[in-house]
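Contents: one structure, followed by commentary.
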Amino acid sequence: MRKRIREIVVEAVEVLYGQKIDLKIVQIQRTRKDFTGDLTIVVFPFVKLAKKKPEDCANDIGLYIKNNLEQLSSYNVIKGFLNLSFTSEYWLERLGNIHKSFDGNAPVDQPEKIMVEFSSPNTNKPLHLGHVRNNLIGDSVSRILKAAGHDVMRVNLVNDRGIHICKSMQAYLDFDSDGSPDKAGMKGDKYVGDLYVKFDQQYKGQVADLIESGMSEDDAKQKAPIMQAAKTMLQKWEAGDEEVHALWEKMNAWVYEGFDRTYEKMGIEFEKTYYESNTYKSGREIVLNGLEKGVFYKREDGSVWADLTDAKLDEKIVLRADGTSLYMTQDIGTAVERFENQQLDRHIYVVGNEQNYHFQVLKLILGRLGYPWAEKIQHMSYGMVELPEGKMKSREGKVVDADDLIDDMIQTSSDMSKELGKLESLSDDEQYNVHKMIALGALKYFMLKVDPKKNMIFNPKESIDFNGHTGPFIQYTHARIRSVVRKAKAMNINVPTSVAEDTKMNDKELDLIKYIDQFEIVIQEAAEELDPGMIANYAYDLAKDFNHYYHDYSILKAQDGKLLQFRLFLADQVSKNLKFAMKLLGIDVPEIM
RNA sequence: GGUCUAGUAGCUCAGUUGGAUUAGAGCAACGGCCUUCUAAGCCGUAGGUCCCAGGUUCGAGCCCUGGCUAGAUCACCA
């Protein structure tokens with residue numbers, strides 16, 4: 001409809017004022033609540049062309065549209081705003097079409113093949129709330145892009161090598177050398193994470209002792225025996241030492257088992273998992289090649305650098321003096337490999353905003369190396385999750401653990417539910433599933449409703465809400481509608497497959513239809529902006545509107561059968577849209593709660 | 001010091017190509033509504049110098065400039 005109106009406006013301006021204008025300068029927006037109308041055209045851009053007052057200009061165009069669009073019922077003009085209202089037949093037809101064919105997808109004209117990399121954990125510590133935000137954003141963005149018709153491939157890049165893993169390994173040898181998660185009765189990732197904390201405690205103790213015995217702080221940090229041991233272990237690992245590799249594989253396997261359980265609980269999946277131990281050497285050839293082409297330069301010590309001072313990005317090292325790869329080198333290598341092997345149109349990296357600089361540099365370097373797709377890498381930067389006292393620190397145990405948080409929330413959800421006592425007809429398993437669905441709904445919605453790029457503060461002492469602007473609010477609205485549909489069925493009234501053209505609607509019903517109609521645009525905008533928050537807000541607004549309606553009008557006690565059928569039809573579509581919207585956030589909705 | 005990001009109600013946040021007298025939600029506070037389709041709901045009251053100062057224009061919370069505050073980053077760590 002918007003497209004048609006644009007075309008008619010362009011036509012109108014040409015006929016009325018003899019001026020050709022571009023489709024894009026026709027501004028169409030939803031009419032604000034306090035004014036009459038469905039869509040609004042802003043006529044200020046045409047005022048100069050028309051050489052008329054805004055009001056007159058709007059009236060001219062309004063009349064032209066009225067004569068050329070049968071679905072238009074009326075128009076009104078306030079200042080430079082032309083408000084258009086459509087006939088109720090038009091809206092009923094829209095609702096009917098949506099009900100018949102809308103499946104939660106809104107494909108764009110030009111679908112792309114997009115790889116989304118997210119999660120990317122280290123194997124020395126369990127997942128915490130920061131990872132949860134990353135996972136949820138990555139998951140939701142992938143779902144939204146898919147709904148917008150793109151071919152999406154979700155991948156995880158596990159950082160499974162380096163000094164941090166060696167620290168956990170060293171602590172294992174020193175403190176629990178024949179232990180295991182089973183013996184300790186712990187999840188594998190927790191067990192290894194605890195060893196990492198133990199390493200840090202031991203290390204700090206040793207440093208303190210050395211300083212006491214007269215050593216400088218810098219020296220003490222270098223010479224602490226446990227750190228030395230960890231470094232030696234890393235060298236052995238790099239040299240392919242069998243014993244070290246065996247231990248490394250054993251401990252990583254524990255961690256993966258733990259991660260898998262957490263991912264499963266959160267409902268997160270990947271098409272492919274990459275491991276850094278396989279890719280950490282890549283990119284070296286490409287850099288050497290770039291050196292020949294003069295994109296990089298070599299310093300006296302043999303290290304290779306990119307001079308980005310002309311782009312205000314300083315100088316960046318891309319290869320060590322000993323010729324080995326760095327983080328940047330690897331990312332250059334994997335990007336090239338992925339674009340060339342997978343024929344990607346776009347690559348999105350869901351990575352915290354602390355790495356904004358890294359990705360700016362990566363993009364710039366790839367461009368200078370002459371890759372035409374350099375502009376197609378996109379850093380989906382999101383803000384940190386902080387505690388009231390500041391950043392989370394795994395080493396000091398100051399973290400909100402993902403599993404603990406989810407379990408706590410399931411407990412809360414279960415307590416609340418039992419108090420309300422609405423699930424008594426269900427089996428224990430079914431009840432648990434609903435409790436879990438609601439807990440995850442609250443957590444996911446909480447993290448996804450806010451703008452991803454902003455930092456957020458999480459106070460563990462204040463539990464995440466289940467009332468108000470929350471996931472459970474929307475889940476509840478859905479469950480209420482499903483309950484009505486069930487009751488109707490029990491009365492032998494099924495949701496009809498179409499609506500009568502001459503149904504008499506009230507304003508709230510009309511508003512709901514307009515809101516339902518809005519969803520496809522919202523999906524496409526959210527995909528464009530990579531912003532799950534837009535979907536979250538849409539679902540909330542729709543649920544809120546429906547709750548007003550539900551409060552004011554009875555569906556099952558409508559005045560006559562025809563109206564009852566229409567209301568059921570409308571409510572059913574609201575529940576579908578809520579379900580689709582929540583699915584895009586990775587949230588399931590219950591039939592009862 | 002350079003670069004980047006953010007600053008909206010007591011708290012958490014919406015407000016996206018700049019739009020329409022009175023800047024919206026939720027939480028917390030206060031007051032109402034359950035013999036009527038699920039009260040995890042609905043209605044109402046109260047709460048604001050949209051960080052500050054200039055500028056651009058028909059119009060600025062949004063754009064530009066300068067400042068203030070907070071954070072990130074500029075490593076032969078990833």
Side-chain angles (χ1 to χ4, degrees), chain A residues 24-25 27 29 31-32 34-35 40 42 44 47 54 78-81 83 120 122 159 161-164 276 280 299 301-305 309 311-322 324-328 330-331 352-358 360-361 381 383-384 386 390-391 413 416-417 419-420 422 438 442 446 449-451 453-459 462 465-477 479-488 491 525 528-529 531 533-534 536-537 540-541 543-544 547-548 550-558 567-568 571 592-593:
Chain A
K24 283 177 198 153
I25 69 168
Q27 289 183 44
Q29 50 199 244
T31 302
R32 296 234 163 164
D34 347 326
F35 299 89
T40 295
V42 184
F44 288 110
V47 170
I78 297 170
K79 294 188 180 174
F81 299 93
N83 300 320
S120 309
N122 290 349
N159 177 10
R161 60 164 286 278
I163 189 70
H164 47 280
E276 230 175 71
Y280 78 104
R299 288 193 180 167
D301 61 6
S303 56
V304 179
W305 295 71
T309 46
K312 293 183 177 177
L313 288 171
D314 293 324
E315 301 189 325
K316 184 76 189 175
I317 183 160
V318 289
L319 211 57
R320 287 195 184 93
D322 64 7
T324 56
S325 300
L326 293 120
Y327 180 37
M328 184 58 71
Q330 291 172 46
D331 266 3
N353 61 14
E354 54 198 355
Q355 292 190 29
N356 287 353
Y357 173 75
H358 173 81
Q360 257 183 304
V361 170
S381 168
M384 300 287 101
E386 290 172 4
K391 284 189 81 166
S413 156
M416 287 177 77
S417 176
E419 205 169 305
L420 293 167
K422 292 175 186 171
I438 294 168
F446 174 78
K449 78 173 174 184
V450 310
D451 185 344
K453 68 173 178 286
K454 289 187 179 170
N455 286 358
M456 65 192 293
I457 294 175
F458 177 80
N459 188 346
E462 292 169 17
D465 252 305
F466 287 78
N467 298 317
H469 187 178
T470 65
F473 173 90
I474 297 160
Q475 290 173 316
Y476 175 72
T477 307
R480 267 211 308 207
I481 297 174
R482 297 326 298 169
S483 170
V484 171
V485 171
R486 277 194 303 276
K487 290 232 158 100
M491 293 158 60
E525 282 175 357
E528 182 71 32
E529 303 292 328
D531 185 2
M534 297 174 78
N537 285 325
Y540 176 69
D541 289 339
K544 200 168 171 55
N547 282 338
H548 292 158
Y550 180 92
H551 182 263
D552 291 351
Y553 298 94
S554 175
I555 296 165
L556 297 178
K557 289 184 183 151
R567 288 184 174 173
L568 198 57
I592 308 179
M593 72 180 270

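The shown structure was predicted, so the numbers you read here are calculated from the model rather than taken from an experiment. Just so it is clear: chains get the letters A, B, ... in the order the sequence lines come, proteins before strands, and each one is counted from 1.
An OP1 or OP2 oxygen of B:G41 is reached within less than 4.0 angstrom by a side-chain nitrogen or oxygen of A:N467. At B:A39, one or more side-chain N or O atoms of A:R480 fall inside 4.0 Å of OP1 or OP2 (strictly under the cut-off). Taking side-chain N and O atoms only, A:K391 has no distance below 4.0 Å to OP1 or OP2 of B:G71. The side chain of A:R320 places an N or O atom within less than 4.0 Å of a non-bridging phosphate oxygen (OP1 or OP2) of B:A78. For A:S483 and B:U38, the shortest distance from a side-chain N or O to OP1 or OP2 is below 4.0 Å. Regarding contacts with the backbone of B:A6, every side-chain N or O of A:N455 stays at 4.0 angstrom or more from both OP1 and OP2. For the OP1/OP2 pair of B:G26 and a distance below 4.0 Å, the side-chain nitrogens and oxygens of A:K544 include at least one atom meeting the criterion. For A:H548 and B:C43, the shortest distance from a side-chain N or O to OP1 or OP2 is below 4.0 Å. Contact annotation: A:K312 side-chain N/O to B:C74 OP1/OP2 distance is not under 4.0 Å. Phosphate contact (OP1/OP2 of B:A75, side-chain N/O of A:K316, threshold under 4.0 Å): absent.
A tilted orientation is assigned to the rings of A:F473 and A:Y540, their planes being inclined by 30° to 60°.
Side-chain proximity of A:N537 to the nucleotides B:U16, B:A20, B:A14 is greatest for B:A14. Of the candidates B:A78, B:G71, B:C37, the closest approach to any side-chain atom of A:Y550 belongs to B:C37. Of the candidates B:U16, B:A78, B:A20, B:U16 carries the atom nearest the A:D531 side chain, counting heavy atoms from C-beta on. Listed nucleotides: B:A20, B:C74, B:C37. Nearest to the side chain of A:I555: B:C37. The side chain of A:N547 has B:C42 as its nearest neighbour among B:A20, B:U38, B:C42. Checked against B:C37, B:C74, B:A75, the side chain of A:D314 finds its nearest nucleotide in B:C74. Candidate nucleotides B:U16, B:A14, B:U38 were compared by shortest atom distance to the side chain of A:A479, and B:U38 ranks first.
At the heavy-atom level, A:I438 lies under 4.0 Å from base atoms of the strands shown.
With both ends at atom P, the span from B:U8 to B:G61 equals 15 Å, rounded to whole Å. Taking the C1' atoms as reference points, B:G71 lies 42 Å from B:G31, given to the whole Å. On the P atoms, B:C13 is 11 Å away from B:G7, given to the nearest whole Å. B:A60 and B:A20 have their P atoms separated by 10 Å, given to the nearest Å.
Here B:C4 sits opposite B:G71 as a Watson-Crick or G-U wobble pair (both hydrogen-bonding atom distances under 3.5 Å). As the counterpart of B:A14, no nucleotide is assigned, since no Watson-Crick or G-U wobble pattern has both distances under 3.5 Å.
Annotation: side chain of A:N159 is in contact with side chain of A:H164 (closest heavy-atom distance under 4.5 Å). Two residues are said to be in side-chain contact when any heavy atoms from C-beta on lie closer than 4.5 Å; A:I555 and A:I481 fail this criterion.
Taking the 5.5 Å centre cut-off and the 30° plane limit, the aromatic side chain of A:Y476 is not classed as stacked on B:A40.
Of the N and O atoms on the side chains of A:S381 and A:N356, at least one donor lies less than 3.5 Å from an acceptor on the other residue. At a cut-off of 3.5 Å, with distance as the only test, a side-chain donor of A:T324 or A:R320 sits close to an acceptor on the other residue.
With its glycosidic angle within 90° of 0, B:C34 is assigned syn.
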- [ ] Verify side chain to side chain contact (heavy atoms under 4.5 Å, CB included) between A:N537 and A:H469, making sure each step is shown before the conclusion.
- [x] CA-CA 9 Å; A:N537 285 325; A:H469 187 178; 3.6 Å; yes
